[in-house]
**Q** 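Dumping the structure here so I can ask a few things about it.
Read the numbers this way: they start at 1 and go in the same order the structure lists the ligands and their atoms. In this chain, numbering begins with 1 at the start of the sequence shown.
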Amino acid sequence: MVEAINVRKSFGAVEVLKGIDLTVDAGEVVSLLGPSGSGKSTFLRCINHLERIDGGEISVNGELVGYRRQNGRKYELRPRETAAARRHVGMVFQRFNLFPHRTAVENVMEAPLFVKRETRAAAKQQALDLLDRVGLADKAAAYPAQLSGGQQQRVAIARALAMRPTLMLFDEPTSALDPELVGEVLEVMKGLAAEGMTMIVVTHEIGFAREVCHRVVFMDAGVVVEAGPPQQVLTNPSHARTRTFLQKVL
Ligand code: ADP
Ligand code: MG
């Protein structure tokens with residue numbers, strides 16, 4: 001589903017990703033751990049066409065990110081092609097960024113209506129189904145300000161699912177939440193994982209990584225330090241850098 005080969009990315013003179021290799025299979029749930037500044041968000045943004053990479057290659061669903069192969073050559077995608085490719089990827093951020101003047105159901109309907117040009121009735125029915133799926137059937141008419149942070153984040157997940165993505169990227173989806181609201185969001189993500197969604201989750205929730213993820217990838221300073229099943233990386237890490245990090249977050 002995702003194949004990243006030797007991905008490099010610099011901001012000015014600072015190289016932030018120094019040759020990242022990562023393969024994620026369809027249906028796999030991978031958590032990305034690492035200290036602040038190690039390049040986790042940048043890597044997710046590269047996968048989702050939000051940053052242009054300087055070296056290496058990323059493909060999603062067999063299609064190159066940012067480029068199209070034709071007659072053995074690589075051509076840069078045009079903005080329309082990029083927009084089309086991005087529809088297969090859903091992303092959820094630490095900050096929910098819901099439209100404040102639209103209700104929950106209107107937030108979820110937005111992309112199907114205006115990007116996919118679905119009918120209003122179809123978009124609304126799907127949005128109501130998605131809100132039900134994240135446990136918010138009774139909040140369809142609520143405005144973001146009337147919802148808790150956990151509820152807003154669940155609306156944001158429903159909104160990301162509305163484009164029927166085949167890959168979901170989560171960038172610290174619970175980091176901005178009060179501790180008592182973290183569980184309800186992780187439950188929704190756990191449900192998605194159980195349904196077979198392919199997911200890459202940047203998180204400091206070690207319990208979630210251990211319980212739900214098939215694989216844990218530990219990044220530091222722009223490289224993948226180690227990767228493997230949770231019981232291996234979290235319980236018996238082979239690198240000192242991983243051990244030091246885990247001691248801080250556990
Ligand atoms: P993480 O998500 O692991 O905390 P980030 O990917 O956000 O790390 O950041 C990695 C490094 O890249 C940091 O040093 C950060 O300051 C830098 N960085 C991220 N985005 C930009 C940007 N748009 N311009 C310049 N530097 C950036
Ligand atoms: Mg980050």
**Q** Are any N, O or S atoms from Ser41 nearer to the Mg ion (ligand 2) than 2.8 Å?
**A** yes

**Q** N or O contacts of ligand 1 with protein under 3.5 Å, please list pair by pair.
**A**
from: ligand 1; atom 1: 2 (O); to: Ser41; atom 2: N; distance (Å): 2.9
from: ligand 1; atom 1: 2 (O); to: Ser41; atom 2: OG; distance (Å): 2.8
from: ligand 1; atom 1: 3 (O); to: Ser38; atom 2: N; distance (Å): 3.2
from: ligand 1; atom 1: 3 (O); to: Ser38; atom 2: OG; distance (Å): 3.4
from: ligand 1; atom 1: 3 (O); to: Gly39; atom 2: N; distance (Å): 3.0
from: ligand 1; atom 1: 3 (O); to: Lys40; atom 2: N; distance (Å): 2.9
from: ligand 1; atom 1: 3 (O); to: Lys40; atom 2: NZ; distance (Å): 2.8
from: ligand 1; atom 1: 4 (O); to: Gly37; atom 2: N; distance (Å): 2.7
from: ligand 1; atom 1: 6 (O); to: Thr42; atom 2: N; distance (Å): 2.9
from: ligand 1; atom 1: 6 (O); to: Thr42; atom 2: OG1; distance (Å): 2.5
from: ligand 1; atom 1: 8 (O); to: Gly39; atom 2: N; distance (Å): 3.2

**Q** Return the minimal non-hydrogen interatomic distance between Val29 and Val212, and the atom names on each side.
**A** CB-O, 4.1 Å

**Q** Do Arg154 and Glu184 meet the salt-bridge criterion of a basic N to acidic O distance under 4.0 Å?
**A** yes

**Q** Between Gln153 (side chain) and Pro173 (backbone), is there a donor-acceptor pair under 3.5 Å?
**A** yes

**Q** Which residue is it: Gln125, Gln126, Arg133? I am looking for the one with a side chain to side chain donor-acceptor pair (under 3.5 Å) to Asp129.
**A** Gln125

**Q** Could you report the tightest heavy-atom contact between Thr103 and Tyr143, atom names first, then the distance?
**A** CG2-CZ, 3.6 Å

**Q** So which heavy atom on Gln152 is nearest to which on Leu147, and how close?
**A** NE2-O, 3.1 Å

